[in-house]
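What follows is a set of notes on a single structure, which appears directly below.
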Amino acid sequence: MEIYEELKARGLIAQVTDEEEIRELVNNGKAVFYIGFDPTADSLHVGHFMALCLMKRLQMAGNRPIALIGGGTGMIGDPSGRTDMRQMMTPEMIQHNCDCFKKQMERFIEFGEGKAMMLNNAEWLLNLNYVELLREVGGCFSVNNMLRAECYKQRMEKGLSFLEFNYMIMQSYDFYHMFQTVGCNMQFGGDDQWSNMLGGTELIRKKLGKDAYAMTITLLLNSEGKKMGKTASGAVWLDPAKTSPFDFYQYWRNTGDADVLKCIRMLTFLPLEDIDAMDQWEGSQLNRAKEILAYELTKLVHGEAEAEKAQETAKRLFTGAGEAEHMPATVLADAQFDGGKIGILNLLTACGLCASNGEARRLVQQGGVTVNDKKPEVSDVFARDDFSGDGIVIKKGKKIFHRAQI
RNA sequence: GGGGGAAUUCCAGAGCGGUCAAAUGGGGCAGACUGUAAAUCUGUUGUCUACGACUUCGAUGGUUCGAAUCCAUCUUCCCCCA
């Protein structure tokens with residue numbers, strides 16, 4: 001199966017500007033395509049991961065990827081999919097985030113001569129002259145059209161600043177610039193980027209009279225229509241310091257029934273035939289599929305060793321027999337003991353399992369905590385000696401395990 | 001530039017000068033049921049040295065025995081006119 005067909009079969013393609021042309025380019029390894037990453041945080045997250053996978057797939061098929069880091073566009077902030085204005089970031093923050101992105105991307109994509117390229121649009125955007133830019137490309141943008149674009153439409157209700165309104169122009173300019181300088185002929189991006197991307201192809205057509213192409217990747221939504229890769233406490237990060245490999249594994253392990261196959265198809269590199277076979281699975285059999293999904297993704301992001309470890313830990317924790325050495329742990333400091341003792345409430349907050357003593361109190365009262373297989377009372381106190389050896393295993397709810405040691 | 005309106009806890013959104021740590025919904029957390037799923041039901045959801053105390057209602061001052069509620073100034077946002 002050729003790459004374009006495979007992408008389609010995996011459900012990755014959302015919209016394309018010209019299917020025939022794109023198929024042609026991609027299948028013959030003639031595409032030089034870019035995906036933009038805005039440096040809004042100091043780590044990539046699951047949403048970016050999809051884009052990285054896509055780059056990898058296309059690179060394996062002989063195409064040339066460009067990872068464009070938005071050091072320049074980050075100064076403006078993308079209004080797409082946002083109901084409020086983004087917080088302005090300082091140039092230092094942006095630079096720091098760019099550096100972090102770069103490190104993480106290198107794990108997935110091969111960069112170097114004749115391979116993938118990494119560019120930063122700060123290089124050309126920051127030196128633009130306002131009047132020159134207006135004269136050069138301003139005439140190619142119809143405000144009427146821009147206002148009709150989905151991403152701005154929503155914001156017409158809540159208000160949209162001129163700053164953000166210019167985001168589309170900057171992104172279009174990127175494409176236009178790279179089309180000329182590095183021969184970039186295609187842009188990929190999340191489906192929410194569609195209108196911004198079209199801005200670029202339009203600009204190239206108007207200015208240069210040439211065709212460039214755009215294709216969007218299906219947004220990874222769960223069956224409730226919410227973006228995946230988000231938890232209550234924020235995004236699921238690729239940086240192991242921000243989301244541990246175990247938590248990463250668990251996130252996917254807990255995918256809903258309705259979403260597992262879709263995720264496997266879109267995110268893993270398993271052969272399509274194998275995935276089609278899984279399609280027949282039903283009910284509790286799907287648990288196996290969830291394990292595969294979690295394992296495969298953890299392996300891609302954190303490496304095989306970490307994936308094994310996470311899977312081992314999870315299996316041991318959930319199939320009874322408790323002792324697990326890979327459990328997240330907190331080492332308690334002497335200062336946290338009062339007269340050689342620590343109360344259950346303080347213990348829970350010290351381990352970061354509860355945000356406050358009040359929360360800890362409620363949790364204990366409601367029976368949501370287990371310490372060494374026993375339900376504690378609010379008044380329970382632990383002596384320093386109780387933590388010797390492997391420490392104490394605390395279970396919060398059904399799925400959160402933690403070890404406290406000295 | 002002129003006129004009008006809004007700001008409340010994680011979000012949305014009630015809130016009469018005392019009975020407001022603040023209705024209701026969503027979300028979160030936990031319990032029951034399960035398959036580490038979904039749906040459903042129950043409890044809970046500011047902090048603490050916890051039948052009590054303390055700090056919150058955009059910011060700062062003021063009126064009052066008493067302010068989320070009244071007044072003044074400021075900040076931000078929205079709407080209408082130009």
Side-chain angles (χ1 to χ4, degrees), chain A residues 79 82-88 154-164 221-228 230-236 244-264 278 281-295 297-298 310-322 324 326-328 336 338-339 341-371 375-381 394-402:
Chain A
R82 280 238 153 197
T83 48
D84 55 334
M85 171 133 163
R86 276 187 197 277
Q87 233 190 335
M88 272 277 219
Q154 298 168 4
R155 293 293 295 276
M156 295 304 284
E157 311 274 319
K158 292 284 270 179
L160 171 73
S161 70
F162 185 65
L163 175 81
E164 295 174 286
L221 301 176
N222 64 18
S223 44
E224 283 150 24
K226 286 193 195 146
K227 264 197 204 186
M228 289 198 65
K230 286 249 163 85
T231 65
S233 44
V236 176
S244 74
F246 178 73
D247 288 340
F248 186 87
Y249 179 91
Q250 281 295 302
Y251 177 82
W252 297 106
R253 180 62 249 263
N254 286 314
T255 307
D257 280 12
D259 303 317
V260 204
L261 263 297
K262 186 171 70 185
C263 289
I264 292 186
M278 290 182 207
W281 296 3
E282 274 180 4
S284 51
Q285 231 186 330
L286 280 171
N287 256 334
R288 175 80 195 113
K290 292 177 194 180
E291 257 174 32
I292 294 173
L293 172 69
Y295 178 80
L297 293 186
T298 312
Q311 185 158 51
E312 269 302 292
T313 307
K315 274 193 177 151
R316 263 188 263 175
L317 286 175
F318 288 97
T319 51
H326 310 307
M327 214 184 280
Q336 286 165 303
D338 182 19
K341 290 180 168 146
I342 184 166
I344 176 72
L345 304 185
N346 288 329
L347 179 62
L348 288 168
T349 47
C351 292
L353 292 170
C354 293
S356 68
N357 269 358
E359 192 183 323
R361 181 183 299 268
R362 282 191 297 274
L363 203 61
V364 171
Q365 279 168 349
Q366 295 185 9
V369 180
T370 311
V371 177
K375 301 258 181 198
E377 296 290 327
V378 170
S379 54
D380 281 6
V381 170
I394 307 167
K395 185 177 168 199
K396 178 196 166 198
K398 282 178 227 166
K399 301 179 197 167
I400 301 170
F401 293 84
H402 200 93

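Lettering of chains follows the sequences in order, A, B, ..., and the numbering in each one begins at 1.
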Nearest heavy atom decides the nucleotide; on that basis, is Leu286(A) or Asn357(A) closer to the 5' end of RNA chain B? Leu286(A)
Ion pair present between Glu359(A) and Arg362(A), side-chain N to carboxylate O less than 4.0 angstrom? no
For rA53(B), the Watson-Crick or wobble counterpart (both distances under 3.5 Å): rU47(B)
Nucleotide opposite rA30(B) in a Watson-Crick or G-U pair, distances under 3.5 Å: rU42(B)
Taking atom P in both rG58(B) and rU69(B), compute the distance separating them and give it to the nearest angstrom. 8 Å
In Watson-Crick or G-U wobble terms, with both distances under 3.5 Å, the base opposite rA12(B) is rU24(B)
Please state the P separation for the pair rU76(B) and rG66(B) - nearest whole angstrom. 32 Å
In whole angstrom, give me the gap between the P atoms of rA72(B) and rG5(B). 12 Å
Any side-chain heavy-atom pair from Arg253(A) and Phe246(A) closer than 4.5 angstrom? no
More than 12 non-hydrogen atoms from neighbouring residues, nucleotides or ligands closer than 6.0 Å to NZ on Lys341(A), yes or no? no
rU76(B) pairs with which nucleotide, Watson-Crick or G-U wobble, both distances below 3.5 Å? rA6(B)
Between rA30(B), rU36(B), rA37(B), which one does the side chain of Lys396(A) approach most closely? rA30(B)
Provide the distance between the two P atoms, one in rA67(B) and one in rA59(B), to the nearest whole Å. 16 Å
On the side chain of Arg361(A), is there an atom forming a donor-acceptor pair with the base of rA50(B) - under 3.5 Å, no angle test? yes
What's the gap between rA23(B) and rU9(B) when it is taken at their C1' atoms, as a whole Å value? 13 Å
Any N/O donor-acceptor pair, Gln366(A) side-chain to rG43(B) base, under 3.5 Å: yes
When the P atoms of rC16(B) and rA6(B) are considered, how many whole Å apart are they? 12 Å
Using a cut-off of strictly less than 4.0 Å, decide whether Ser356(A) has a side-chain nitrogen or oxygen near OP1 or OP2 of rC48(B). yes
5′-ward residue of the pair Arg362(A)/Glu291(A) relative to RNA chain B: Glu291(A)
Would you kindly check whether a donor in the side chain of Lys398(A) faces an acceptor in the base of rU34(B), or vice versa, at under 3.5 angstrom? yes
Side chain of Lys262(A), backbone of Leu221(A): donor and acceptor closer than 3.5 Å? yes
